[in-house]
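Below: the structure, in structure tokens.
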Amino acid sequence: MLAFCQVSLSATYNVRDFGAKGDGTTLDHGAINQAIETATSHGGGQVLLPAGTYLCGSIRLKSNVDLHLMPGARIQAAPAELKAYDESEVFGAPEYQDGGHTYFHNSLIWAEGQQNISITGQGMIDGEGLTKRDTEKAGNVQGGSIGTGDKAIALKLCRNVTIRDITIFRGGHFAIIATGCDIGTIDNVTIDTNRDGIDIDCCKYFTVSNTKVNTPSDDAIVLKSSYALKKPALCEHILISNCIVTGYKLGTFLDGTYVPEKVNWVCGRIKLGTESNGGFRNIAISNCTCMWSSGLAFEVVDQGRMENIVVNNISMSHVHHYPIYITTGCRNRGPKERTEVSSARDIYINNVIADDCDSLAGVIVTGMEGTPIRNVSLSNVRIQYRGGGQKVTTPYREQGTNYPEPRWAGPTPAYGLFARHVDGLRLRNVKFELMRPDERQEIILEDVVNEDIER
């Protein structure tokens, strides 16, 4: 890593010297790619974008290169009609995951199999010309059009990755997706986007810190373990700390007006899943705040395992749908010959405060019959619900093969905590409050053994 830093500092390649105009109308990705190739041929360096608006299709990031956006520099995603994006690669296997997790080359900035790469600086990436639709296919065909970009930054099978200080606006399907990458840092990044903010998929040794993510229409910071590598792969050893996630109307986080958005099926949220073929291990989430957002969601439904999850010091306000959701299921989105059963154990959540929470669902902890979630601990938790719920007279659905989202399961039978198929549930100093009366019970436990509760 030291050698990379020395190379980066020793050579700078200004994209203007390679013909980039930065006028917002000339396609500049050719010049930027030429600067990257030149830097790589000399052992690496910093590719510098001075102030200006660089209209771009696909930028191909290469090993030992720092793509640096100076203050006032903006990479503007070209519209689809310019056909400026690379064709998506051929996957060559059954696709058990969404197209956004399958194809990478049809992106604004992408890298595959590279090392010692970084995107830094106080400039902006604006994905105005990107699509947010789930229609990616081989050959880059999107609803009949060719040449559409779908992600702002897409990295696959890379090592030693840094994304720092930049701002991303309108990031397409994913503002940042990293799949199968080892050793990564995302730090002091600001994202205001119309789909997912940050997706870390099948990665190891990643940190996300000091980052602000506004996602009014989807998830903010998401860990996944899809089948994009054509095998189950754990997402493990991940640290998320000192982050802010919100669900304000698109663009209002960046312009400072902070307009709450009409509740979508989900917004904001720190999540594990739903893509979970490999599962999640050794995950730490701490010192984060959620505003006008869904809460924490930990979901393993595709035969992976979830274990050693630690959450500490979380503050939430104006929570959509639920504050904490932990579930396993058997959607089993993968090869039919797999025999594994989704499992979860050793999940510790401490020091959480949440106010103005939706009355739809309380804290939910649901395993599967015969395969309980094991060892879940909640301590020093205070949650204020809006209340007003009516007594639930029908059985709450088993997760089974359903998509794991409480909104579609309906109100939980308890307003505070509903747990089912759990072995080892520990509650310490947990308090549920109501803003108005609620007809439901505070806590309901079904098929829960070895509970240890002190209210």
Side-chain angles (χ1 to χ4, degrees), residues 96-98 100-101 196-203 215 218-228 232-236 238 240 245 264-283 285 290 293-311 314 319-334 340-349 360-369 371-376 378 396-410 412 417-422:
Y96 300 109
Q97 60 287 328
D98 294 339
H101 288 288
D196 277 12
I198 300 171
D199 274 41
I200 298 174
D201 184 13
C202 303
C203 293
T215 52
D218 220 318
D219 298 315
I221 302 174
V222 196
L223 306 187
K224 297 189 177 181
S225 57
S226 74
Y227 218 79
L234 275 162
C235 190
E236 58 183 341
I238 311 294
I240 301 170
V245 303
N264 202 332
W265 74 279
V266 69
C267 62
R269 191 164 67 168
I270 299 173
K271 173 183 168 185
L272 279 57
T274 55
E275 305 277 3
S276 48
N277 297 92
F280 312 97
R281 181 172 62 191
N282 299 338
I283 311 297
I285 303 168
C290 307
S293 163
S294 302
L296 304 172
F298 303 150
E299 308 164 353
V300 176
V301 295
D302 294 325
Q303 300 174 277
R305 68 184 192 268
M306 178 166 58
E307 58 190 31
N308 299 349
I309 313 298
V310 178
V311 178
I314 306 295
V319 179
H320 298 316
H321 300 151
Y322 56 84
I324 299 170
Y325 178 41
I326 304 169
T327 195
T328 58
C330 52
R331 180 179 68 170
N332 298 355
R333 196 178 186 187
E340 297 92 331
V341 177
S342 300
S343 65
R345 64 179 302 129
D346 301 327
I347 300 170
Y348 296 86
I349 300 176
L360 173 74
V363 175
I364 302 174
V365 184
T366 52
M368 295 183 289
E369 186 174 7
T371 310
I373 295 176
R374 301 183 185 275
N375 304 332
V376 175
L378 303 175
Y396 195 70
R397 79 173 189 185
E398 296 278 355
Q399 180 52 54
T401 60
N402 297 300
Y403 186 85
E405 191 58 47
R407 178 186 177 187
W408 296 317
T412 50
L417 166 69
F418 175 69
R420 182 167 58 197
H421 307 318
V422 180

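By convention here, the first residue in the shown sequence is residue 1.
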Can you see which heavy atom on [X] is nearest to which on [Y], and at what distance?
| X | Y | result |
| --- | --- | --- |
| Thr274 | Glu299 | CG2-OE1, 2.8 Å |
| Cys202 | Ala233 | SG-O, 3.7 Å |
| Gly410 | Tyr396 | O-CE1, 3.4 Å |
| Asp302 | Asn332 | OD1-N, 3.4 Å |

Kindly write out the residues that satisfy ring-ring contact (aromatic ring centres under 6.0 Å, His included) with [X], not counting sequence neighbours, or none if the list is empty.
| X | value |
| --- | --- |
| Tyr227 | Tyr96 |
| His101 | Phe174 |
| Phe298 | none |
| Tyr403 | Trp408 |

Considering only heavy atoms from C-beta outward, does the side chain of [X] approach that of [Y] to under 4.5 Å?
| X | Y | value |
| --- | --- | --- |
| Pro406 | Thr412 | no |
| Thr327 | Ile364 | no |
| Tyr322 | Leu360 | no |
| Val363 | Pro323 | yes |
| Gln399 | Met368 | no |
| Ser276 | Met306 | no |
| Ile349 | Ile324 | yes |
| Asp218 | Val266 | yes |

Quick one, Ile347 with Ile326, criterion side-chain contact (heavy atoms from CB on, under 4.5 Å). Give me CA distance, side-chain angles, the key distance, then yes/no.
CA-CA 9 Å; Ile347 300 170; Ile326 304 169; 3.7 Å; yes
Looking at Glu398 and Arg420, does any basic side-chain N land under 4.0 Å from a carboxylate oxygen?
yes
Does Arg333 come within less than 4.0 Å of Asp98, counting only side-chain N to carboxylate O?
yes
How far does [atom1] of [X] sit from [atom2] of [Y], to the nearest 0.5 angstrom?
| X | Y | atom1 | atom2 | result |
| --- | --- | --- | --- | --- |
| Leu223 | Lys271 | CG | NZ | 10.5 Å |
| Ser293 | His320 | OG | NE2 | 7.0 Å |
| Ile309 | Ile283 | CD1 | CD1 | 5.0 Å |
| Ile270 | Ile285 | CD1 | CD1 | 6.0 Å |
| Tyr325 | Leu296 | OH | CG | 13.5 Å |
| Gln303 | Asn277 | CD | CG | 7.5 Å |

Testing Arg281, Arg374, Glu236 one by one against Glu307 for a side-chain contact (heavy atoms from CB on, under 4.5 Å), which residue passes?
Arg281
Taking [X] for the side chain and [Y] for the main chain, is one N or O donor matched with an acceptor at less than 3.5 Å?
| X | Y | value |
| --- | --- | --- |
| Thr215 | Gly268 | yes |
| Asp219 | Asp196 | no |
| Ser342 | Gly329 | yes |
| Thr401 | Arg331 | no |

For Asn375, enumerate each residue passing the side-chain hydrogen bond (donor to acceptor under 3.5 Å, both in side chains) test, keeping only those at least two apart in sequence or located in another chain.
Asp346
Just to verify, what does Arg345 make a side-chain hydrogen bond (donor to acceptor under 3.5 Å, both in side chains) with, not counting sequence neighbours?
none
Indicate whether any N or O donor in one side chain lies under 3.5 Å from an N or O acceptor in the other, for Asn308 and Asn282.
yes
Decide side-chain contact (heavy atoms from CB on, under 4.5 Å) for Cys235 and Ile200; before the verdict, give the C-alpha distance in whole Å, the side-chain angles of both, and the deciding distance to 0.1 Å.
CA-CA 8 Å; Cys235 190; Ile200 298 174; 4.2 Å; yes
Before giving the answer on side-chain contact (heavy atoms from CB on, under 4.5 Å), spell out for Arg397 and Asn402 the whole-Å C-alpha distance, their side-chain angles and the decisive distance to 0.1 Å.
CA-CA 9 Å; Arg397 79 173 189 185; Asn402 297 300; 3.5 Å; yes
